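Accompanying notes for the structure given below.
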Amino acid sequence: MDVGQGSSNVILLGDGKAIVLDCPQGPHTSSLPTMRLLQHYGVSFIEVLAVSHGHADHDAGATDILVKYRGSIGHVYLLQDQPARNMRFLRALRQEVESEHIREHQIHNLQVDVGGRPKLLWQDKERDLRLVLLYPNFFRNMAAQLRDDRNATSAVLCLVTPRSRILYAGDCTSDGWHAIHRWYKNERFKCTVMVIPHHGGLLSDDNETDLARTFQWLYGRCVDAEVGIVSVGTFNPHGHPREAAIRAMHDSGTQVVCTQVTEKCCEQVEHLRPGVLRPSRFCLSSFGSPRTGSGAPKNIACAGSVVIEVGTTGCVIPQLVAHQRALAENPLLRRRLCR
Amino acid sequence: MISYCPSVHDLDLKQPVALIRTVLDNQTMTEAMHKTEQIHQIQVGQATYILSRALRGCYDPITAEYTVIGLPYVGKGPTHQSARDDWEKEFHVRLQELYAKRPFEMAPSERNEWQLLQSVVDLNDLANRTPVVLRLVGQIIKKRPFFRIRWLDGRHSSLDYQNTPSELAGFALGRWFEAIGKYDPRTSTLLNLDAVVPIASPPPPGSPALQAFLESLRGASELADAQI
C-alpha cells in the first residue's frame, strides 16, 4: 500500500475476507489508505492481522483494525521486540481481550523455534495458499528485546501460492537474512515479489562500504526476487531508499517498484505530482495535505499502491509495464536510481 | 405520438386558426410528456454522483420508461419523476455493485458496463467524498471550549460540540469511551463522532499486568510446521 513512510500490505481473499500485514500511523504515514481499501471492498472479516515489529511505521495503525473489526478477526500475530510497557499495540490488544472481543488463544507471539521449521500462520487448503513465518527465532528475538531497539528484529512472512511466493520482509536486519540463508542451506530464496526490508534503508549498523556489500549479498545471493517493492514516503528523514539497495536489486535483475517517489530518485519531485503513475484512490498520495509542516513535499506517488493479482498461473502486476516505461521516459528521474 | 393527436375529423376545418392552435397545443403536450432533460449529477440516498459529462434523460409516457442516452438502465414509473427515481436507483445499485469489485472479479459484460460508468461518473470525486468509518476507543482529556480526545493508539483529536453526540458532554474527564467516527478521506481529519458508549478503562502503560498478559500469549512454536 502507498501509505507514505511506512508499510502496510493487504491480501484480499474474496468473500469479504482479508489478511493485513502491518498497518502504520504517524506524522509521515497513515492507516487511512488501508482502512479505505478494506471499507471499499466490503471486507468484513480479517483472517490474519500480523504486525512484523513494534515500530509505529508498521504497527501504530493496527489498533484501528483491531477496533474496527472487533469480533471479526481470526488471528492476531505480534512480535515482542521491546519491553511490554512500550508496546502500544499490546495495550490495545489487552483491552480487547478484557472486553472479550478477542480471545487469548487467537493471539500469538511471532517467533519460530531455534533450528525449527518455518511456522504456518494461516492456510487455505482449497486454494493451496499458505502464510508462513520464516523469522525471527527465539534467541534473535530475545537479543532484540535486550537492545530495546525497535528495528533490532522483525518478522519475515511469506505468502506461498501454487505458482508464486510473495515475501514480506518487514524491517528484517542483515542478521535475520543470514539466519534465513543458513536455514535454506545457503541457497537463494526464490520469490516472485519481495516487499523490500526497511523501505530500502539500512539493514544493520554497517558503514557505507559494508552497506553496499550487504545489499549485494542480500539481493544477489540470499534472495532471488523478480520484483522488489519499496514502500517508501516522499518525505522521509532517513534517506530511504538507499542507492546501494536499489543498485544491488538492479544488478541482480530485480525490477524495482517504489510506492512513492523520493528526492533521492528525482531532484524536482514536485514536477511529478500527483505521481509518476496516477495514484489510485487507495494511495496516501491521492489525498492528504501536499506538504509537511516544514514545507517539504510529501506523498507523491511513484507506482502508488501496487496491485498484485495472484492467479493459478502465477502473479501479475498490472502497473509494472507502465511504471517501468514511465521511469524510462521521464527525464526528471535519475537513471542511477531508477532504470 | 399519433395517439395523442386529435383526429382530423374531430377538428372544425372552418376554423383554421383553432386547428393550428390545437396542433401546437398537442405538440407542446407531447413534448412535455416526452420530457428530455440534461443530467449533471445524480443523488440517491446519501450518495451524490457528479457526472464528468452531462447526460440526456428521456421519459416515454407510452411505455412509462425513463432512459438515459448511452446507459443501459431503464427506470419504470407512471410519472416522469417516479420513473426517473427508479432509474437513479438502478444506476446507484449497479455502480455500487461494480465499484466494490476488482477488475478481475468482473464478468466481461460487467467490465464493459464498468468502463461505461467510469466514463460518466467522476469516481475520484466520489472516493474523496466517501468518509472512512472507524470504530474508535478513546478518553476525554478536555471538554471546553471543544473536546480533546486521546485515542487508544496515542493519537489526539479535537472536535467541536456540533460534531459529537450530546451524551459525550456528560462523560467525566478521563472517561474511556467507544465511538463510531468518520474521517475525511482527503485530509485524514476526524469529521465527527456518530455514537459514543462509555467503557471500562484499559490497563495503564507499564502495568505489570501488561507484562503478564504478554507472557501469557502463546508463541508461534505451538503452530504447525510449514512446508515451503
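Chain letters run A, B, ... following the sequence lines, proteins first and then strands; every chain starts at 1. Every value quoted in this text rests on a predicted model; they were computed, and no experiment measured them.
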Is chain B contacted by the side chain of Ala60(A), its backbone, both, or neither, given a heavy-atom distance below 4.5 Å?
backbone

Please flag which part of Pro103(B) lies under 4.5 Å from any non-hydrogen atom of chain A: side chain, backbone, both or neither.
neither

Heavy-atom pairs under 4.5 Å with chain A - which of Lys101(B), Glu215(B), Glu105(B), Glu222(B) has more of them than the others?
Lys101(B)

In terms of heavy-atom pairs under 4.5 Å, which option from Asn124(B), Leu136(B), Val133(B) contacts chain A the most?
Val133(B)

Under 4.5 Å from any heavy atom of chain B, what part of Val97(A) do you find: side chain, backbone, both or neither?
side chain

Name the member of Asp153(B), Leu217(B), Val137(B) that forms the most heavy-atom pairs with chain A at distances under 4.5 Å.
Asp153(B)

Region of Arg278(A) that comes under 4.5 Å of a non-hydrogen atom in chain B:
side chain

By a 4.5 Å heavy-atom criterion (distance strictly below it), what part of Leu66(A) contacts chain B: side chain, backbone, both, or neither?
neither

Scored by heavy-atom pairs under 4.5 Å with chain A, the best of Tyr99(B), Phe104(B), Tyr183(B) is Tyr99(B)

Find out whether Glu309(A) and Val307(A) are in side-chain contact, i.e. whether some heavy atom of one side chain is under 4.5 Å from a heavy atom of the other.
yes

Any chance the rings of Phe282(A) and Tyr41(A) have centres within less than 6.0 Å?
yes

Taking side chain as everything from C-beta outward and backbone as N, CA, C, O, which of these in Gln227(B) sits under 4.5 Å from a heavy atom of chain A? Side chain, backbone, both or neither.
both

Go through the atoms of Ile199(B) and report whether side chain, backbone, both or neither lie under 4.5 Å from a heavy atom of chain A.
side chain

Under a 4.5 Å heavy-atom cut-off, does chain B meet the side chain of Leu12(A), its backbone, both or neither?
both

Give, as side chain, backbone, both or neither, the part of Thr189(B) having an atom under 4.5 angstrom from any heavy atom of chain A.
neither

Glu96(A): which of Arg103(A), Arg91(A), Lys68(A), Arg70(A) passes salt bridge (charged side-chain N to carboxylate O under 4.0 Å, His left out):
Arg70(A)

Side chain, backbone, both or neither of Leu133(A) within contact of chain B (heavy atoms, under 4.5 Å):
side chain

Is it true that Asp15(A) and Lys17(A) make a salt bridge, defined as a side-chain N closer than 4.0 Å to a carboxylate O?
no

Closest non-hydrogen atom pair between Thr36(B) and Arg56(B), with its separation:
CG2-NE, 3.5 Å

Find out whether the Lys NZ or Arg CZ of Lys142(B) is both under 6.0 angstrom from the six-membered ring centre of Phe146(B) and within 45° of the ring's axis.
yes

Strictly by modelled atom types, are Arg150(B) and Gln139(B) linked by a side-chain donor-acceptor pair under 3.5 Å?
yes

Residue set satisfying ring-ring contact (aromatic ring centres under 6.0 Å, His included) with His75(A), at least two apart, ordered chain then number -> none

Is there a donor-acceptor contact under 3.5 Å linking the side chains of Ser285(A) and Asp2(A)?
yes

Best-contacting candidate, Val132(A), Val160(A), Asp64(A), against chain B by heavy atom pairs under 4.5 angstrom:
Asp64(A)

Is Arg102(B) close to chain A through its backbone or its side chain, or both, or neither, when contacts mean heavy atoms under 4.5 Å?
both

Between Trp151(B) and chain A, with a heavy-atom cut-off of 4.5 Å, which part of the residue counts as in contact: side chain, backbone, both or neither?
neither

Strictly below 4.0 Å, N to O, side chains only: are Asp85(B) and Lys89(B) in salt-bridge contact?
no

Comparing His40(A), Arg88(A), Gln25(A) against chain B, the one with the most heavy-atom pairs below 4.5 Å turns out to be His40(A)

With a 4.5 angstrom heavy-atom cut-off, could you sort out which part of Tyr77(A) is near chain B: side chain, backbone, both or neither?
side chain

Given the ring of Tyr59(B), does Arg84(B) sit roughly above its face, with NZ or CZ under 6.0 Å from the centre of the six-membered ring and within 45° of the axis?
no

